[in-house]
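Note sheet for the following structure.
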Amino acid sequence: MEQDLARVIVTPEQIRARVGELGAQISKEYAGKNLLMICILKGAFIFMSDLVRKLDIPVETDFMAVTSYGTSTESSGVVRILMDLERSIEGRHIMVVEDVVDTGLTLKYIIDNLKARGPASVKVATFLDKPSRRRVQVEPDYNGYVVPDEFLVGYGLDFSEKYRNLPYVAVLKQEVYS
Ligand code: PRP
């Protein structure tokens with residue numbers, strides 16, 4: 001697998017440190033609020049599992065799987081819910097957990113969809129943010145790292161369903177995906 005990678009851009013040590021900081025910040029800001037964290041599958045499953053273990057407040061979890069129509073590298077903004085939340089979010093303080101916000105189209109759809117269900121508040125935590133790619137205005141409230149516009153894999157991010165298990169974030173060599 002390593003031969004497919006051009007370079008590592010977020011190391012396991014950086015991930016551990018930053019997730020710890022985010023966990024501390026979220027724990028402070030959501031003390032007494034009975035937070036519900038919503039993992040957007042599949043990419044966010046690793047960040048979500050690390051992040052919830054860094055929270056020292058009561059937290060509930062739920063999961064939503066979405067797919068975006070489009071090419072393997074560009075989402076279209078048309079999103080289909082493959083698996084919906086188990087429970088109602090009405091009146092709840094919720095946090096959407098993503099691995100990466102790129103064009104923002106997926107996140108915008110998810111936020112609009114969830115807001116229509118009457119939660120008390122909606123915030124977003126993403127591990128990676130690629131603001132240079134944004135096509136709609138959405139800003140994560142909690143962000144691990146701002147990253148450049150490159151093909152990234154690892155820590156949940158895939159190419160053709162592979163590389164999600166890498167314990168770091170790396171740039172995929174162009175020859176692998178083109
Ligand atoms: C990725 C990622 C976000 C979305 C970001 O999911 O997890 O949900 O793309 O892209 P956008 O900001 O341009 O909409 P993907 O559709 O690749 O599915 P996956 O999480 O199952 O890998």
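We number each residue from 1, following the sequence as shown. Start at 1 and go down the list; that is how both ligands and their atoms are numbered. Values reported hereafter were calculated over all heavy atoms of this structure, with side chains retained and with hydrogens, waters and symmetry mates removed.
Using cut-offs of 30° and 60° for the angle between ring planes, the Phe159 and Phe151 rings count as perpendicular. Ring orientation note: the planes of Tyr30 and His93 are nearly perpendicular, at an angle over 60° on the 30°/60° scale.
If you run side-chain contact (heavy atoms from CB on, under 4.5 Å) between Tyr163 and each of Asp158, Leu172, Val169, Leu157, only Leu172 comes through.
Considering backbone and side-chain N/O of Ile40, none are found under 3.5 Å from N/O of ligand 1. Note: an N/O pair closer than 3.5 Å links Gly43 and ligand 1 by distance alone. Between Asp102 and ligand 1, an N or O atom pair is found at a separation short of 3.5 Å.
Taking a 6.0 Å sphere around NZ of Lys173, one finds it holds more than 12 heavy atoms contributed by other residues, nucleotides or ligands.
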- [ ] With salt bridge (charged side-chain N to carboxylate O under 4.0 Å, His left out) as the test, would you mind laying out the steps for Arg134 and Asp149 before giving the verdict?
- [x] CA-CA 10 Å; Arg134 206 71 97 244; Asp149 181 13; over 6 Å; no
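Of all atoms in ligand 1, listed by their number and element, those nearer than 4.0 Å to a heavy atom of Thr103 are 11 (P), 12 (O), 13 (O), 14 (O). Counting the atoms of ligand 1 from 1 in the order shown, those under 4.0 Å from a heavy atom of Val100 are 2 (C), 3 (C), 5 (C). The distance from ligand 1 to the heavy atoms of Lys42 drops below 4.0 Å at these ligand atoms: 19 (P), 20 (O), 21 (O). Close contacts between ligand 1 and Arg164 involve ligand atoms 19 (P), 21 (O), 22 (O) [criterion: under 4.0 Å to a heavy atom].
The side chain of Asp158, and not its backbone, has at least one atom closer than 4.0 Å to an atom of ligand 1 (non-hydrogen atoms only; side chain from C-beta on). Within the 4.0 Å heavy-atom criterion, the part of Glu98 lying near ligand 1 is the side chain and not the backbone. The residue Arg134 has no part lying near ligand 1, judged by heavy-atom distances below 4.0 Å. Residue Asp99 touches ligand 1 through its side chain alone, judged by heavy-atom distances below 4.0 Å.
Within the 3.5 Å criterion, the main-chain N or O of Arg87 finds a donor-acceptor partner in the side chain of Asp62. Side chain of Lys130 to main chain of Glu150: a donor-acceptor pair is present (N/O by atom type, distance under 3.5 Å, no hydrogens or angles).
Using 4.0 Å as the threshold, Leu105 has a heavy atom nearer than that to some atom of ligand 1.
Side-chain contact, Tyr155 with Asn165: no donor N or O sits under 3.5 Å from an acceptor N or O.
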